[in-house]
Every structure is written in C-alpha cells, then in structure tokens.
Enquirer: 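Submitted below is the structure of interest, expressed as structure tokens.
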Amino acid sequence: MNAKPASLSTMVPQGLFCPSDAAGRRPVQPGRSPWQVRRTALPARAAGFAGFRPATGALPALAALILAWPALGRPQEPDALATKPPPASATQIAPLPETDEQGEPEERPESEAAVGGLGVVIPIRTDINDVTTESIERRINAAREAGARVIIFDIHTPGGYGGSALDISHLIKNTRDIHTVAWINTQAYSAGALIAVACDEIVMAPASTMGDSQVILSGPDGASAVPEALAPKVNTPILADFRDSANTNGYDPLLCEAFVLPEREVWWVEHLQTGQREFISREEKRERLGGGADGSSFSSALRRLSAGEVEWKLVESYRDVVTNETVKLRQPVVGDYALLQMSAGEAYAFGFNKGVAAGEEDLGARYGLSNLARAELNWSEELTMWLTSAWVRGILLVLMLLAAYVEFHTPGVGLAGLVALICLVIFAGAPYLTGFANFWEVALIVVGFILLALEAFVIPGFGVAGITGIVFVIVGLLATFVPDVPGRTFPLVTPSASGVWEFVRNGLLTITFAALLSIVGMFVMGRYLPEMEALRRAIPLNPTPEEVAPEDGYHGAVRVGDLGRCETPLRPAGKARFGDVLADVVSQADFVESGEAVEVIERHGNVVVVRPARKV
C-alpha cells in the first residue's frame with residue numbers, strides 16, 4: 001500500500017492525480033486537475049585537458065546564481081505576518097445573505113465567526129505538493145501564535161498531489177481552535193476543491209469556479225480514466241475525505257461524490273407541500289417522480305403529478321447571488337458521465353458557497369476583523385518549488401557533469417568535486433522534499449556512485465562494479481522524474497499505466513539534452529579555454545615533466561652504468577662510493593661484501609640499484 005494513496009495535480013483543465021503517472025510526481029489525476037503521485041547520466045572519464053588545468057571558479061558561480069535567483073525577486077519576511085487593518089469603508093459592508101428553502105436570498109445574522117481581532121490570509125496559489133503541506137502547517141502555527149481568530153485560505157490552484165491534499169485536509173479539520181474559511185479566488189479544481197470543503201466555510205470571488213476532481217491518468221495521448229482494477233484503490237481515500245467534509249460542514253454527500261465520480265448523476269427536487277429541496281440520484285428520481293431515469297418519460301410524470309400521485313417536482317430555477325437574477329436550471333444538475341463544477345452562484349444555490357467576497361476588504365467586513373495579515377511562502381519554500389522545475393533540473397545536471405569532468409582531470413579533491421556533489425544533492429533532494437521522489441531512488445543513486453568510486457580507485461580495470469554503478473545512477477536519476485504506480489509492491493517493476501511512460505520520456509529527454517550539452521561544454525573547456533589570453537591567469541598550464549621531477553641528490557653523478565666500490569656490506573642495502581660521491585645503494589640480489597666493485601643497473605630518483613661488477 002502506498003503511503004500517500006493519490007495525488008491531485010495540474011492539467012489544463014485537470015483532474016486528480018493518483019499514484020500512476022504525470023510531471024514534476026505520481027500518476028493518476030481528477031477532472032480539471034489530475035490526481036498525481038509523488039514523485040536523470042553519468043560523467044565519463046574523457047581524455048586529458050591538453051596540457052592545462054581548467055578553472056573551477058565559473059562552476060560554483062553558476063550554481064550560486066541558480067540558488068540565489070529566486071531570492072532576487074520580491075523581498076519578504078519568511079515567518080512574519082504582515083498585518084494591515086481593513087479600510088474604513090469595510091465596516092459598511094454587510095454580510096451576504098443565505099438562501100431559503102427555495103434558493104431565494106434571505107436576511108441572515110452576522111457570521112458566528114465574526115469575533116473581531118486578527119485574521120490571517122494563507123495563500124494557496126501553486127500546485128499542491130508536500131512542500132505546500134509543510135508550509136501550510138507552518139503558517140497555521142504562526143497564525144495561532146499570533147492570536148488569529150480566523151484563517152482564510154486564498155485558493156487559486158489547478159490541483160496537485162492527492163496525498164498532499166489529503167494531508168492538508170486533515171490538518172485543516174484538526175484546526176478546531178480557529179475558524180477556517182476557504183476563499184476561492186478564482187479556481188479550486190481537483191485538490192483545491194478537496195481542501196476547500198475541508199474548511200469550516202467557503203466563500204467565493206464573483207467570477208470563480210470549484211470542483212472537477214476526478215482521478216484520471218495523464219499521458220502522451222491525453223487524459224484517460226483510471227483502469228477499473230485500480231479505481232477502488234485510488235478513489236476510496238478521496239471519496240472518504242469528501243464524505244467526511246460533507247457530514248462535518250453540512251454539504252450534500254451526493255454532490256461531493258459527483259466531484260470525483262463521473263457516473264454520479266444528480267437531480268435537484270423540491271417537495272410540493274413543504275418546499276424542502278434535496279439532491280437525489282437517478283434511481284431515486286425514478287421512485288419519486290416516475291418516468292425514465294433520464295427524464296425521457298416526462299409526459300408520464302406530468303400525468304402522475306396532475307393525479308396527485310407524486311409529492312416531488314424538479315427544481316426549475318434559482319436566484320444567482322452574484323447577478324441577483326433568476327437563472328433557469330438545467331436538470332440533471334450533474335449529468336451522467338459528467339463531473340460537478342460550480343460557479344459562485346451555483347455553489348451558493350447548492351449550499352457550498354456561503355457568500356461572495358471580491359477582495360480582502362469584503363472578508364474583513366464579513367468576519368468583523370480589525371486586522372488582516374497575509375502569511376506568504378518563505379524564501380526556502382519558494383526555492384524548493386523553483387528547483388523542481390524541469391529546466392532548472394536540466395541545468396543542475398549539466399553543472400554536475402561538467403564539474404565532475406573537471407574534478408576527474410585535476411589533481412586531488414577540489415572545488416569542482418564539491419560543486420558536483422551540491423548539484424547532485426539539489427537535483428535529487430528537491431523532488432524528494434516535494435514528494436515527487438522516494439527514498440529508494442535517492443539510495444539507488446548513492447549506491448551507484450559508491451560502486452563507481454570502488455571501480456575507479458579500488459578495483460583494477462572496468463567490470464561488473466562499474467557497469468552496475470552506471471545502471472544504478474541512470475535508473476535512480478530517471479526515477480526522480482517518474483511518479484509511483486498504484487498497487488505495485490517493488491519500485492523497479494515496469495510501469496503498466498500508459499501515462500507513466502510520458503514521465504519516462506520527459507526524464508530521458510532532460511538527461512539526454514543535459515548529457516549532449518555537457519559533452520559540448522567539455523570539448524570547449526578542453527580545447528579552447530586554455531588558448532584564451534584573458535584566462536591564462538585563471539587557468540594555469542599543467543607543469544612540464546622537468547618541473548615536477550624530484551631534485552637529484554647526487555647532482556648528475558651515479559648514473560646507470562657507473563662503477564663504484566662498496567664502503568659497507570650490502571645486505572642488501574648499504575653505501576657505495578662513486579668517485580667523490582657516497583651514495584645509498586641497494587643490491588639487486590646477492591649480498592656484497594665491503595670493498596667489492598659494483599655497477600649501477602637502475603636509478604629511480606634517489607634510489608640506486610647495483611650489482612657486483614663483472615670481472616674482465
């Protein structure tokens with residue numbers, strides 16, 4: 001069983017993304033926002049640098065630029081709540097009315113949440129992932145510490161990871177000490193709808209929509225339904241959370257199911273005597289009104305109605321709270337093989353939307369807040385999300401390969417190796433933090449590099465360890481682009497869902513492009529950079545053999561073929577004199593007695609190898 005069953009993700013329009021395919025995750029998705037799941041080459045040791053040692057200063061500078069780029073945007077306090085009082089005119093905005101049983105607006109008292117004091121706005125205006133979850137938890141805690149009485153989630157999202165959305169939903173439902181409000185401004189699809197109904201209350205901007213949360217698969221051929229065998233596993237946790245929110249916050253459970261299940265046909269009926277309105281299924285409509293479930297036998301239903309045999313009728317219209325006009329209603333309100341998607345006016349009539357708020361001033365007035373603060377993403381959260389974008393990951397891979405190439409062609413362990421390591425950590429760590437990569441993928445990369453290090457520095461030649469290391473690294477890097485597949489028990493099983501292959505293709509394209517760009521960069525660094533006069537000081541030439549040769553302690557004497565005489569016995573080491581020079585020598589084989597003549601047969605630096613001189 002996957003730890004996080006499904007994920008809501010982005011598509012245009014998208015659906016909920018479950019663990020089985022998709023981009024920057026897991027693969028299955030819903031209606032307008034896919035349910036997504038969490039969720040690249042290895043530097044080859046090429047020829048030398050043609051007599052120069054490349055500069056490594058440019059590589060860390062590029063890495064630093066990548067890390068610093070998001071911080072060059074708007075400045076912000078990471079954890080502080082920037083409070084601002086509502087304008088004076090805000091106190092003149094009356095709370096919006098509820099509707100009566102017929103859907104007509106009626107006067108309502110001020111919201112029970114209008115307790116005054118501080119309100120905190122928490123924007124949710126990105127794809128939903130694990131970073132979003134941790135960020136929202138941090139900001140809720142900050143709002144609680146600041147004494148907030150109301151938390152308003154400013155929602156504009158196409159969806160995201162289903163597991164992350166469920167975590168946020170549970171987090172909101174467990175925040176019982178603060179009144180929570182979902183302000184849909186201007187779309188809450190997929191995971192956004194799941195989060196919205198978890199709040200104590202929903203208000204919407206005048207031109208806004210919510211819903212469309214089916215779990216679907218997104219692949220190279222477009223969106224497709226979840227395979228029937230996987231549907232129960234994928235849909236169950238999502239439906240359970242929608243139903244729980246419906247029971248807790250007074251929404252119609254059938255409409256909540258219609259967010260996710262396209263086969264849920266929903267009709268809106270009204271009791272003839274009491275005016276009570278209910279949402280019912282196709283089968284229940286047949287029982288109450290008669291005729292075909294699809295409404296084809298309408299004349300039969302009319303005859304039964306005139307004869308007094310039925311007590312219910314279809315709702316014909318509702319009052320749109322945004323335009324204040326009567327809108328003719330199409331039945332069913334959710335058609336067969338359609339998903340529930342509501343405008344602000346429809347959501348108000350259906351009991352989801354409690355009011356219309358065009359801006360924060362309206363919200364401040366509605367809840368009687370004396371101060372309104374915004375709790376934004378901090379710089380580290382924005383940076384983590386930015387680093388998971390495909391083009392940034394491609395640049396990181398290029399930098400890692402170039403830095404590794406430089407490190408392999410310069411003596412010792414230096415700055416280039418550190419840059420390569422940092423790029424690798426960011427490349428694999430950022431998707432891990434956002435829930436797109438799993439532990440096994442990171443572990444596979446680490447094990448692969450360990451095997452390559454053993455092959456390069458411990459095991460002679462190139463064999464099983466080197467090949468296995470390369471395979472492990474490539475598979476691990478590629479897997480960070482690919483979401484989980486629902487129901488699989490081992491991470492290396494070949495994915496069966498068609499949408500997963502789109503992630504594989506994107507990962508291969510990124511790795512291939514980065515590898516080709518790195519090869520070009522290696523060629524330029526090895527061939528042209530040393531010839532640039534401006535870079536001479538930054539890129540010093542490698543020393544010549546004469547420059548690195550050890551100092552001759554015998555100053556040109558004691559060369560191969562020279563004859564000398566032992567000053568001490570050689571057993572096998574000792575001393576011998578060659579003219580005026582006394583040298584430390586080693587006998588090639590036999591012991592040599594003092595006074596015997598010897599001949600130099602080998603010379604390695606200051607190591608002199610001799611043998612007894614041949615007698616003539």
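Count residues from 1 along the sequence. Treat the numbers as computed from the prediction; the structure is a model and nothing was measured.
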Enquirer: Mind listing the closest non-hydrogen atom pair of Met342 and Met204 along with its distance?
Expert: O-CE, 4.2 Å
Enquirer: Of all the heavy-atom pairs spanning Gly192 and Thr157, show the shortest one and how long it is.
Expert: CA-CG2, 3.7 Å
Enquirer: What's the shortest heavy-atom distance between Ala349 and Tyr318, and which atoms?
Expert: CB-CD1, 3.6 Å
Enquirer: Under a 4.0 Å threshold between the charged nitrogen and the carboxylate oxygen, would Glu381 count as salt-bridged to Arg138?
Expert: yes
Enquirer: Hey, does the side chain of Gln331 reach the backbone of Trp268 with a donor-acceptor pair shorter than 3.5 angstrom?
Expert: yes
Enquirer: Mind checking the CD1-CG spacing from Ile124 to Asn185? Nearest 0.5 Å is all I need.
Expert: 12.0 Å
Enquirer: Looking only at non-hydrogen atoms, find the nearest pair between Leu339 and Val334 and report the distance.
Expert: C-CG1, 4.2 Å
Enquirer: Rounded to the nearest 0.5 Å, what separation is found between the OG1 atom of Thr175 and the CD1 atom of Ile136?
Expert: 10.5 Å
Enquirer: So, taking the atom named OG1 in Thr326 and the one named CZ in Arg319, what distance separates them when rounded to the nearest 0.5 Å?
Expert: 3.5 Å
Enquirer: Compute whether any side-chain donor of one residue and acceptor of the other, for Ser169 and Asp241, lie under 3.5 angstrom apart.
Expert: yes
Enquirer: Given 3.5 Å as the limit, does a donor-acceptor pair link the side chain of Ser213 with the main chain of Ser190, or not?
Expert: yes
Enquirer: Taking Leu254's backbone N and O only, do any of them form a donor-acceptor pair with Asp252's side chain (distance below 3.5 Å, no angle check)?
Expert: yes
Enquirer: Are the side chains of Arg243 and Leu239 in contact, using a 4.5 Å heavy-atom criterion?
Expert: yes
Enquirer: Only counting residues at least two apart or in another chain, list the ones meeting side chain to side chain donor-acceptor pair (under 3.5 Å) with Asn247.
Expert: none
Enquirer: Less than 4.5 Å apart, side chain to side chain, heavy atoms only: is that true for His179 and Arg149?
Expert: no
Enquirer: Is a side-chain N or O of Ser245 found less than 3.5 angstrom from the main chain of Leu194, in a donor-acceptor match?
Expert: no
Enquirer: What distance separates Trp267 CH2 from Glu284 CD, expressed to the nearest 0.5 Å?
Expert: 13.0 Å
Enquirer: Could you list the residues that satisfy salt bridge (charged side-chain N to carboxylate O under 4.0 Å, His left out) with Glu137, not counting sequence neighbours?
Expert: none
Enquirer: For Arg264 and Cys256, indicate whether the former's side chain and the latter's backbone hold a donor-acceptor pair under 3.5 Å.
Expert: no
Enquirer: Test Asp200 against Ile172 for side chain to side chain contact (heavy atoms under 4.5 Å, CB included), laying out the working first.
Expert: CA-CA 9 Å; Asp200 297 327; Ile172 293 173; over 6 Å; no
Enquirer: What are the two closest non-hydrogen atoms of Ser164 and Ile128, and how far apart are they?
Expert: CB-CG2, 4.0 Å
Enquirer: Can you tell me how the ring of Phe279 sits relative to the ring of Phe350, calling it parallel under 30°, perpendicular over 60° and tilted otherwise?
Expert: perpendicular
Enquirer: So Phe153 and Ile140, do their side chains get closer than 4.5 Å, heavy atoms only?
Expert: yes
Enquirer: To the nearest 0.5 Å, what is the distance between CZ on Arg139 and CD1 on Ile151?
Expert: 10.5 Å
Enquirer: Would you indicate whether the side-chain heavy atoms of Glu257 and Phe242 approach each other to under 4.5 Å?
Expert: no
Enquirer: Less than 4.0 Å between a side-chain N and a carboxylate O, is that true for Glu201 and Lys354?
Expert: no
Enquirer: Got Glu346 and Val327 here, is their nearest side-chain heavy-atom distance under 4.5 Å?
Expert: no
Enquirer: Please report the C-alpha distance between Glu265 and Lys285 in whole Å, then the side-chain angles of each, then the deciding distance to 0.1 Å, and finally whether the salt bridge (charged side-chain N to carboxylate O under 4.0 Å, His left out) criterion is met.
Expert: CA-CA 10 Å; Glu265 185 178 278; Lys285 170 193 169 290; over 6 Å; no
Enquirer: List the steps and the verdict of side chain to side chain contact (heavy atoms under 4.5 Å, CB included) for Lys173 and Thr248.
Expert: CA-CA 9 Å; Lys173 291 176 183 179; Thr248 301; 5.7 Å; no
Enquirer: For the residue pair Phe352 and Phe259, is the inter-centroid distance of their aromatic rings smaller than 6.0 Å?
Expert: yes
Enquirer: So, do Ile152 and Arg374 sit near enough that their side-chain heavy atoms are less than 4.5 Å apart?
Expert: no
Enquirer: Could you tell me if the side chain of Met210 sits less than 4.5 Å from the side chain of Val197, heavy atoms only?
Expert: yes
Enquirer: Is there side-chain contact between Pro237 and Leu166, with at least one heavy-atom pair below 4.5 Å?
Expert: yes
Enquirer: How far apart are the C-alpha atoms of Val266 and Leu340, what are their side-chain angles, what is the distance that settles it, and do they pass the side chain to side chain contact (heavy atoms under 4.5 Å, CB included) test?
Expert: CA-CA 9 Å; Val266 183; Leu340 177 59; over 6 Å; no
Enquirer: Just verifying a value: how many Å separate Thr186 OG1 and Ile155 CD1, rounded to the nearest 0.5 Å?
Expert: 11.5 Å
Enquirer: Taking all non-hydrogen atoms of both residues, which atom of Thr209 and which atom of Ser343 are closest, and how far apart?
Expert: CG2-CA, 4.3 Å
Enquirer: Look only at the side chain of Asp154 and the backbone of Arg125, and say whether a donor-acceptor pair between them is shorter than 3.5 Å.
Expert: no
